[in-house]
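Below: one structure, written as structure tokens.
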Amino acid sequence: MTTSTLKTAGHTEGVRRPGRWLALSVLVLAVLLVAVDATVLGLATPFLSEDLKPSGTQLLWIGDVYSFVIAGLLVSMGSLGDRIGRKKLLLIGATAFGAVSVLNAYATSPEMMIVARALLGVAGATLMPSTLALIRNLFHDPRERSLAIGIWGAMASAGAAVGPVVGGFLLEHFWWGSVFLINLPVMAVLVLVGIKLIPESKNPDPGPWDLPSVALSLVGLIGIVYAIKELASHGISLDAGVAALLGAAALTWFVRRQLTLPAPLLDMRLFRHRGFSGAVLADLLTILGLSGLVFFLSQFFQLVQGRQPLEAGLAELPAAVGAVTAGLIAGLVARRFSVRSVVAGGLAAVGLSLAVLTTLDQHTGYPLLGAALLVVGVGAGFAFTVTADVILSSVPKEQAGSASAVSETAYELGAALGIAVLGSIVTGVYRDFATPADVPSDIASAAHESLGGAVEASGALAPDTATALVSAAQEAFVDGLRIAAGVGAAVLLATAVAAWFLLRGQKLEDGVEH
């Protein structure tokens, strides 16, 4: 069946497209990998620190820049897919993602690693909106589409939790660069199968791709995120103020420009829809809580509780199990009860789990941590899947790429903010810990950069002094983690209340599209 036939097909042809579920399996493979890459570094951080010796700031950038660049480019790439074809953009992006993964694996300095992660973010930005937009065009039956989006959402959420397991296995058997080389065979399968199975789709009348809008969205989003990161890490500073002003100015200009363009990069009128706006906000903050928690618990399990990388990764698996299970039944539950109860309930579950973690200490047993991760996964799976469905259902098929990009921007911005804001709180508290009196100043300085740095630096000290240094560093890290969990809990619970009101009356589609 040709693309043009698909565009005009009624439900008899469009609803039951042959091979649609196999095509979906290829699309979610891409989503899983992009999500895995956002968190896989959490476990590799101690090994990477030992090899590349980054400063604390460089380490945060290595963790953050991937998500920052993706967040900054998603709207632009979603709009580009609407114009040149979503399948074409997906296949180009998959090829680039595989190639740049090699650069990441063989980085020889912190600066090279930051650049390589940024380039991986550029490639990742082409994949995420393309996958969700293609689902919108593969599945014309709303109930089937809800299940497809559930599978997609489950993979996106699970990727954040599966990353540490995959990373843990690889780190116990190979060097840290192997966590990037796993991308190559997966992307090869995606390209080869995708060429055959995925139908092309695009906006039949898209208008030109506006490059000034691309630049404004990139500068605006990265400026705002950088400012938040700096404020949380170092308090009010000239750098943070300039970045915030530049980001806010660029985003304001971006919005004004979109409202005047005949073919905008992003149709800002979508945000007049209360359900659409509420879903985007819920998306962003669900992932903020999930990604921040997973990223820092990876380090807690390894560097505080002394687990091996694979054991630490497996310890986070309940989040993936919860997210996958909830994602698969989210559409059904939202139709049985209501969109707002499922989304608000999911957000509240994540918030309450984070609140439980404010009781954390170095010796907290696994049953409590595992239960908290399971509830976080279930809450995130419900909230994220239903909001993605609401976002896609709110727009015409022709704008699927732009709407998907908004959903994905919320996801990636949430991931970046989760690591940046919660991470900066952890780092800020950690840096103030008191080192034992007999620790030399150069070792004390290295220990204050990161917990991994403290563990490594302690190797040059006498056993008793080393134990005292590591114990003080671990205690400070856990103090920071408790405060970050409290902040995250407050944000998520407030968002649950907001979602209850913003999503009032919102329903998922039933029946068949014509």
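Numbers here simply count residues along the sequence, with the first being 1. Quick caveat, the model's predicted, so the values are computed rather than measured.
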- S353 side chain to A349 backbone, donor-acceptor under 3.5 Å: yes
- CZ/F501: more than 12 non-hydrogen atoms of other groups inside 6.0 Å: no
- Expected output: side-chain S101 to main-chain L181 donor-acceptor under 3.5 Å: no
- Item | Side-chain donor or acceptor of T95 paired with backbone N/O of L91 under 3.5 Å | yes
- Message: Any non-hydrogen side-chain atom of R86 less than 4.5 Å from a side-chain atom of L89?
- Response: no
- Under the ring-ring contact (aromatic ring centres under 6.0 Å, His included) test, residues paired with F337 that sit two or more places apart: none
- Task: Check whether any side-chain heavy atom of V280 sits under 4.5 Å from a side-chain heavy atom of L284, and report yes or no.
- Result: no
- Query: Which value, rounded to the nearest 0.5 Å, describes the distance between D389 atom CG and I149 atom CD1?
  - Reply: 4.0 Å
- For A330 and G381, which heavy atoms make the closest approach, and how far apart are they? CB-O, 4.4 Å
Indicate every side-chain donor-acceptor pair of residues 251-259 with a distance under 3.5 Å to a residue at least two apart or in another chain.
| from | atom 1 | to | atom 2 | distance (Å) |
| --- | --- | --- | --- | --- |
| T252 | OG1 | A248 | O | 2.7 |
| R257 | NE | D210 | OD2 | 2.6 |
| R257 | NH2 | D210 | OD1 | 3.0 |
| R257 | NH2 | D210 | OD2 | 3.4 |
| Q258 | OE1 | L265 | N | 2.7 |
| Q258 | OE1 | L266 | N | 3.3 |
| Q258 | NE2 | S213 | OG | 2.8 |
| Q258 | NE2 | F254 | O | 3.2 |

- Task: State, with a plain yes or no, whether a side-chain heavy atom of L24 is found less than 4.5 Å away from one of F139.
- Result: yes
- Message: Keeping T325 on the side-chain end and G322 on the backbone end, is there a donor-acceptor pair under 3.5 Å?
- Response: no
- Task: Determine the sole option in I114, V69, V100, N104 for which the side chain to side chain contact (heavy atoms under 4.5 Å, CB included) test with L119 is passed.
- Result: V100
- Task: Look only at the side chain of R340 and the backbone of R504, and say whether a donor-acceptor pair between them is shorter than 3.5 Å.
- Result: no
- Spell out, as yes or no, whether a donor-acceptor pair under 3.5 Å connects the side chain of T385 to the backbone of F382. no
